[in-house]
Number of protein chains: 2
Amino acid sequence: MIELSKAEFDVLDALWINYPATASQIIERLSDDKQWHEKTIKTLLGRLVKKGALSFEKEGRQYIYMPCIERADYTLKESQNFIERFFSGRIAPLVSGFAKSEQLSQQDINELKKVIDDWEKNQN
Amino acid sequence: MIELSKAEFDVLDALWINYPATASQIIERLSDDKQWHEKTIKTLLGRLVKKGALSFEKEGRQYIYMPCIERADYTLKESQNFIERFFSGRIAPLVSGFAKSEQLSQQDINELKKVIDDWEKNQN
DNA sequence: AATTAAAGACTACGCCTGTAATCTATAATT
DNA sequence: AATTATAGATTACAGGCGTAGTCTTTAATT
């Protein structure tokens, strides 16, 4: 699996918003949330390319970037990894931890019920 | 929040199994899963102490270690962090990702239902 | 045509991490 | 008492990471 650092993920996340995109577009998108220097983001783009998370095509003097991996795939793998490390691979204890510390809202509960419902419908 | 590396967490996790404990007991516990040199584990113990995750008392020539933080607290904070980063703070999309990729077992579903049940009982 | 500006490439640098090896002090053994 | 073994302290070192700065090339502007 491709391993990304936090900062690298944030850059990729800005690309996932909408792609393909140029470096300047990505820099623009990130400027709201992060105080990163343009050079920093370019470094991170380079590292992402090197890791195989991004590809690009030349367009004049610029590069047009594209993700090589999908967000859902990446986050699923990270989630599995996380749950394995901290909860021996079982998901309920994570949710239970949230419940115990009052971190669950009624909306969360409704959404979870829906996930369960959908799952059950799929198990005919 | 105390930030632990993966290796540091694994050492602390071995202590959480049962504490207080000596370095050699921790080394013993870790020997099943990890191919770590004794020196490596001692280094990690030292770093954990420095980070405030462990404390110890001298007992003759040895140290008796104790966690300064609880596993449930640590994993809850890590979970919040994780879910914030990858799912904008909402827990259902994580579970939903598992469901979509067929990562949920009937047991998981049952456990989740129980968590929801308990939560609802608590909302009198 | 000459100059400038901007894109990407390359270099930098200190801190964290994984992974120990060596040093030092002291308890245990001979 | 002298020697040895062992616990912890200190040192090491390469690679990843956050965070840019400088160099080089080429497109744009004067």
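Letters A, B, ... mirror the listed sequences (proteins, then strands); counts begin at 1. Because only heavy atoms are used, hydrogens play no part in the values below, and waters and symmetry mates are left out as well, while side chains stay in.
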From [X] atom [atom1] to [Y] atom [atom2], the distance as rounded to the nearest 0.5 Å:
X	Y	atom1	atom2	value
B:Glu78	B:Glu3	CD	CD	6.5 Å
A:Gln25	A:Ile17	CD	CD1	11.5 Å
A:Ile41	A:Ile27	CD1	CD1	5.0 Å

(message) With heavy-atom distances below 4.5 Å as the criterion, would you say the side chains of A:Arg85 and B:Asp10 are in contact?
(response) yes
Can you tell me how far [atom2] of [N] sits from [atom1] of [X], to the nearest Å?
X	N	atom1	atom2	answer
B:Gln25	D:dA7	CD	P	12 Å
A:Leu45	D:dT19	CG	P	15 Å
B:Ile41	D:dT6	CD1	C1'	16 Å
B:Asp10	C:dT19	CG	C1'	14 Å
A:Leu30	D:dG18	CG	C1'	14 Å
B:Lys39	D:dA12	NZ	C1'	14 Å
A:Leu48	D:dG18	CG	P	10 Å
B:Lys6	C:dT17	NZ	C1'	12 Å

Does [N] have OP1 or OP2 under 4.0 Å away from a side-chain N or O of [X]?
X	N	value
A:Lys51	D:dC17	yes
B:Tyr65	D:dA7	no
A:Trp36	D:dG18	no
A:Ser5	D:dG18	yes

(message) At 4.0 Å (heavy atoms only), tell me whether A:Lys50 reaches a base, stays on the sugar-phosphate, or touches nothing.
(response) nothing
(request) Classify the nucleic acid contact of A:Gln35 as base, sugar-phosphate or nothing, counting any heavy atom under 4.0 Å across all strands shown. (result) sugar-phosphate
(message) Below 30° counts as parallel, above 60° as perpendicular, anything between as tilted: where do the rings of B:Phe87 and B:Phe82 land?
(response) tilted
(message) Parallel, tilted or perpendicular: which one describes the rings of A:Phe9 and A:Tyr74, with boundaries at 30° and 60°?
(response) parallel
(message) Does this structure show an ion pair linking B:Lys114 with B:Asp118, if we count only N-O contacts that are shorter than 4.0 Å?
(response) yes
Selection from [options] that lies nearest to any side-chain heavy atom of [X]:
X	options	answer
A:His37	C:dA20, D:dG21, D:dA7	D:dG21
B:Thr43	C:dA20, D:dT6, D:dT26	C:dA20
A:Gln62	C:dA6, D:dA7, C:dG8	C:dG8
B:Glu8	C:dT17, D:dT19, C:dA7	C:dT17

(request) For A:Arg61 and for A:Glu3, locate the closest nucleotide of DNA chain D by heavy-atom distance; then report the residue assigned to the nucleotide nearer the 5' terminus. (result) A:Glu3
(request) Rounding to 10 degrees, work out the angle separating the end axes of the helix from C:dA1-D:dT30 to C:dT30-D:dA1 (five pairs an end). (result) 20°
(request) Evaluate side chain to side chain contact (heavy atoms under 4.5 Å, CB included) for B:Tyr63 paired with B:Thr22, printing each intermediate quantity in order. (result) CA-CA 6 Å; B:Tyr63 289 175; B:Thr22 64; over 6 Å; no
(message) Once hydrogens and angles are ignored, does a donor-acceptor distance under 3.5 Å link the base of C:dT19 to the side chain of B:Arg47?
(response) yes
